Every structure is written in structure tokens, then in C-alpha cells.
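A quick write-up on the structure given underneath.
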Amino acid sequence: MIKYFFNLTIFLSAAVCSAQNSFKVIPLGTYGGGDESNLSSYMAAPVNSENYIALDAGTIRSGIEKAIQKGNFKQSSASQVMQQNIKGYLISHAHLDHVSGMILNSPDDTKKSVYTLPRENHYR
């Protein structure tokens, strides 16, 4: 499974580098540590799609609210974006600054798949 995950990561990295107009990436949070409004989280989707996967989930709601203000989404609320646009979560590792947004917003979200490396599965 680890080999699969790293092969997928390499493939996606190569795809993004060779065809930069194939994916859109929206940063929701790019930091870590004590600033809970800016923890590691990105949303990625093919260019002509509104079906995103969240890459880590540190900051979700406040990041989506900022993205709505910048015009990245048609919806007017973070809850709508979470429910309608995020189709799953890819968690790099189970540190709180990478999963807290998913945990805190789970009451407002819909059921989704969560993808992790096998070594992270013991937290389930």
C-alpha cells in the first residue's frame, strides 16, 4: 500500500509538472503550529470539475470561507462547499494540524472516504 501511495504521489506530481493546466489547487491553509486558521490543507480537482479531494484537512471552514471571498466557489457557505464539492480526504499523516478541520466540521459534512497510508490506519 505504501508503494501504491508513493507511486500515486509521483504520478500526480509528474502530471502537475507536465500539464500545469490539468489541475486546479486551492490552498485552504499553508502553515502549522498554533495558528489554527492556517493549518495544512489544500483542495485539488481537474480543471473542468468541481469535484475536489481535500489534501490534508487542518483548516477547512475558514480556508473555504476565504476561498469563497476570493471567488473560487459559486456556493455562499463553507458547509455547502464541504457537502457538495469535497468528495474525499487524503491525509498525509495523523497529526492534529493535518486532521483537525475534518474532525471539527464532521457534523456539517457528508459521509466521505478518507485515504491514508497504512501506518496511519491505527488511528481509526
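This one's a predicted model, so the numbers in the text were calculated from it and none came from an experiment.
Hydrophobic clustering of Ile, Leu, Val, Met, Phe, Trp and Tyr side chains at less than 4.5 Å, counting indirect connections, unites Val114 with Leu96. The cluster map of Ile, Leu, Val, Met, Phe, Trp and Tyr, joined by side-chain heavy atoms under 4.5 Å apart, puts Tyr42 and Ile53 in the same cluster.
Contact annotation: the side chain of Asn38 approaches that of Thr30 to within less than 4.5 Å [non-hydrogen atoms, C-beta and beyond]. When side chains are defined from C-beta on, Asn85 does not count as touching Asn51, because their heavy atoms never get closer than 4.5 Å. When side chains are defined from C-beta on, Lys66 does not count as touching Asn72, because their heavy atoms never get closer than 4.5 Å. Annotation: side chain of Ile68 is in contact with side chain of Ile64 (closest heavy-atom distance under 4.5 Å). Counting heavy atoms from C-beta outward, Ile26 and Phe73 have side chains that approach closer than 4.5 Å. In this structure the side chain of Lys112 reaches within 4.5 angstrom of the side chain of Ile86, judged on heavy atoms.
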Quick one, Ser92 with Asp56, criterion side chain to side chain donor-acceptor pair (under 3.5 Å). Give me CA distance, side-chain angles, the key distance, then yes/no. CA-CA 6 Å; Ser92 64; Asp56 284 325; 3.0 Å; yes
List the steps and the verdict of side-chain contact (heavy atoms from CB on, under 4.5 Å) for Ser113 and Lys87. CA-CA 8 Å; Ser113 295; Lys87 303 304 179 186; over 6 Å; no
For Leu28 and Arg61, what are the C-alpha separation, side-chain angles and deciding distance, and is it a side-chain contact (heavy atoms from CB on, under 4.5 Å)? CA-CA 8 Å; Leu28 303 179; Arg61 183 174 301 274; over 6 Å; no
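In this structure, Ser79 OG and Gln84 CD are separated by 10.0 Å, a value rounded to the nearest 0.5 Å.
Ring-centre distance between Tyr89 and Tyr52: not below the 6.0 Å cut-off.
Here the options are Gln83, Glu50, Gln80, the test is side-chain contact (heavy atoms from CB on, under 4.5 Å), and the partner is Gln75; only Gln80 passes. Of the listed residues (Val81, Val25, Ile60), just one forms a side-chain contact (heavy atoms from CB on, under 4.5 Å) with Met43, and that residue is Val81.
Across all non-hydrogen atoms, the minimal contact from Ala57 to Ser41 is CA-OG, 3.7 Å. Shown here for Val99 and Ala94, the closest heavy-atom pair between the two residues is CG1-CA, 4.3 Å. Residues Ser62 and Ser37 come closest through the heavy atom pair OG-O, 3.5 Å.
Listed for the Lys24 side chain is no donor-acceptor partner under 3.5 Å among the backbone atoms of Ala44. When atom types are taken as modelled, the side chain of Ser100 and the backbone of Gly58 share a donor-acceptor pair closer than 3.5 angstrom. A donor-acceptor pair under 3.5 Å links the side-chain atoms of Asn105 to the main chain of Gly101, judged by distance alone. Side chain of Lys70 to backbone of Glu65: no donor-acceptor contact under 3.5 angstrom is found.
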